[in-house]
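Take a look at the structure set out below.
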There are 2 protein chains.
Amino acid sequence: MPRSANALYKHFTDTILQVFRANGQLIGWGDRFAAPFELTSARWQMLGALALAAQPLTAPQIASSMGVTRQGAQKQLNLLTEEGLAVRLANPHHKRSPFYLLTESGTALYRRIDDEWNRHVAEVSGAFSAEDLAITVRTLARINELHPLDDEGGEQ
Amino acid sequence: MPRSANALYKHFTDTILQVFRANGQLIGWGDRFAAPFELTSARWQMLGALALAAQPLTAPQIASSMGVTRQGAQKQLNLLTEEGLAVRLANPHHKRSPFYLLTESGTALYRRIDDEWNRHVAEVSGAFSAEDLAITVRTLARINELHPLDDEGGEQ
DNA sequence: CCTCCATTGACAACCGGTTGCCGAATTGGG
DNA sequence: CCCAATTCGGCAACCGGTTGTCAATGGAGG
């Protein structure tokens with residue numbers, strides 16, 4: 001949105017606007033993709049986070065690994081647990097903060113949707129070059145590390 | 001999330017996950033940035049859409065230009081109108097679908113936040129190269145054009 | 001052992017997006 | 001000219017994220 005003409009500024013702002021748009025697009029896509037598995041985008045993401053975790057994780061750990069708040073992750077974890085896809089496991093270090101693991105059916109479901117996902121990606125990813133995607137990932141990661149929230153805006 | 005090892009697949013999936021994370025990050029950032037102006041991220045975006053429009057636009061036109069639904073755009077437009085930042089203008093072509101324009105105060109507010117935004121971008125964009133940002137924009141745009149929703153997943 | 005502080009989960013409220021439905025206006029075909 | 005289909009705004013419900021508050025747990029220091 002800048003009125004100034006600098007190309008870097010424009011690309012920066014454009015990137016942000018495209019992120020917003022891509023986010024909406026991808027959530028819609030993910031929901032449609034996950035629907036046949038009785039999942040939503042959000043539950044699928046959480047399923048993946050649990051499936052790929054090297055060790056059992058607590059809710060706050062999962063939240064921070066996904067970049068969302070503790071409560072946001074907890075909401076999905078509670079739902080997955082209700083649906084029998086995840087279970088709580090007593091955490092010896094923290095009586096109040098259990099580990100979450102996938103159940104058998106959670107693991108099986110993840111495997112099914114992940115297989116289908118890979119098939120899908122195979123059809124679609126041909127339109128992209130690995131280099132461009134790598135640069136995109138790196139650039140977005142840099143944006144994510146950047147938290148210019150601290151007080152530079154500071155007229156508050 | 002793929003279990004398969006292909007680098008392109010991995011980068012594709014990683015891109016998606018980074019988009020989700022960047023979206024959350026940027027909304028949080030935008031909200032903090034806009035708060036001193038009594039705006040939210042969403043209202044700021046809508047303000048920008050109106051400010052930069054070449055001609056007066058109707059709600060459905062704005063919605064499609066922003067990549068959101070008609071109702072989502074309408075909600076923000078109604079709020080901006082209530083707040084006196086935008087006004088409805090009779091549309092000769094569509095009696096029920098007025099144009100939306102910024103008011104004087106809406107324009108002034110946009111100018112203020114945009115100036116501050118450009119100052120902010122100047123501080124932050126040094127960490128990025130114009131080329132990487134351009135590639136990122138292009139890649140995200142390609143994702144946005146891609147709607148693999150149609151029926152390829154098709155086990156529904 | 002006790003106290004203070006950080007962490008955690010539950011709960012409620014809110015925000016911004018979605019979908020779905022409805023009624024009114026507009027449009028286009030017969 | 002009329003009638004059906006589309007477009008549009010309003011409303012309600014839901015989803016997934018946020019924040020804030022609260023009580024309970026855990027840990028560290030006196």
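Below, chains carry the letters A, B, ... as their sequence lines are ordered, and counting in each starts from 1.
- Across all strands shown, A/Arg88 has no heavy atoms under 4.0 Å from either base or sugar-phosphate atoms.
- No hydrogens or angles considered: a donor-acceptor pair under 3.5 Å links the side chains of B/Tyr100 and B/Gln74.
- Between B/Gly72 and A/Pro98, the residue anchored closer to the 5' end of DNA chain C is A/Pro98, taking for each the nucleotide with the nearest heavy atom.
- Residue A/Asn78 is classed as a sugar-phosphate contact, given heavy-atom separations below 4.0 Å to backbone atoms only.
- Put simply, chain A comes within 4.0 Å of DNA chain D, heavy atom to any atom, from D/dG16 to D/dG27, going 5' to 3'.
- When all heavy atoms are compared, the tightest approach of B/Ala73 to B/Ala63 is CB-CB, 3.6 Å.
- Closest approach of A/Gly84 and A/Thr103 over heavy atoms only: O-OG1, 2.8 Å.
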Where protein sits on nucleotides 20-28 of chain C, one letter per nucleotide: B base, S sugar-phosphate only, - none, heavy atoms under 4.0 Å: B--BBSSS-
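- Cluster annotation: A/Leu79 and A/Leu77 are assigned to distinct hydrophobic clusters (Ile/Leu/Val/Met/Phe/Trp/Tyr, side-chain heavy-atom contacts under 4.5 Å, transitive).
- Aromatic rings of A/Phe37 and A/Trp44 (six-membered ring for Trp) have centroids beyond the 6.0 Å cut-off, not under it.
- One interatomic measurement links the two molecules: CG of A/Leu79 to P of C/dG9, which rounds to 15 Å at whole-angstrom precision.
- In this structure, the side chain of A/Asp31 does not engage the main chain of A/Thr40 through any donor-acceptor pair within 3.5 Å.
- For residues 56-65 of chain B, proximity to DNA chain D is found at B/Ala59, B/Pro60, defined as any non-hydrogen atom under 4.0 angstrom from a strand atom.
- Looking at heavy-atom distances under 4.0 Å, A/Thr69 makes contact with a base.
- Residues B/Ser105 and B/Leu85 share a closest heavy-atom pair of OG-CD2, 3.9 Å.
- Considering every non-hydrogen atom in both A/Leu8 and B/Phe128, the closest pair reads CD1-O, 3.7 Å.
- For the residue pair B/Thr15 and A/Leu140, the shortest heavy atom distance occurs at O-CD1, 4.1 Å.
- Across all strands, B/Thr40 comes closer than 4.0 Å only to sugar-phosphate atoms, never to a base (heavy-atom distances).
- Between B/Ile135 and A/Ile135 the shortest heavy-atom distance is CD1-CD1, 3.6 Å.
- Under 4.0 Å is where a charged nitrogen must lie from a carboxylate oxygen, and between A/Arg119 and A/Glu116 at least one such pair does.
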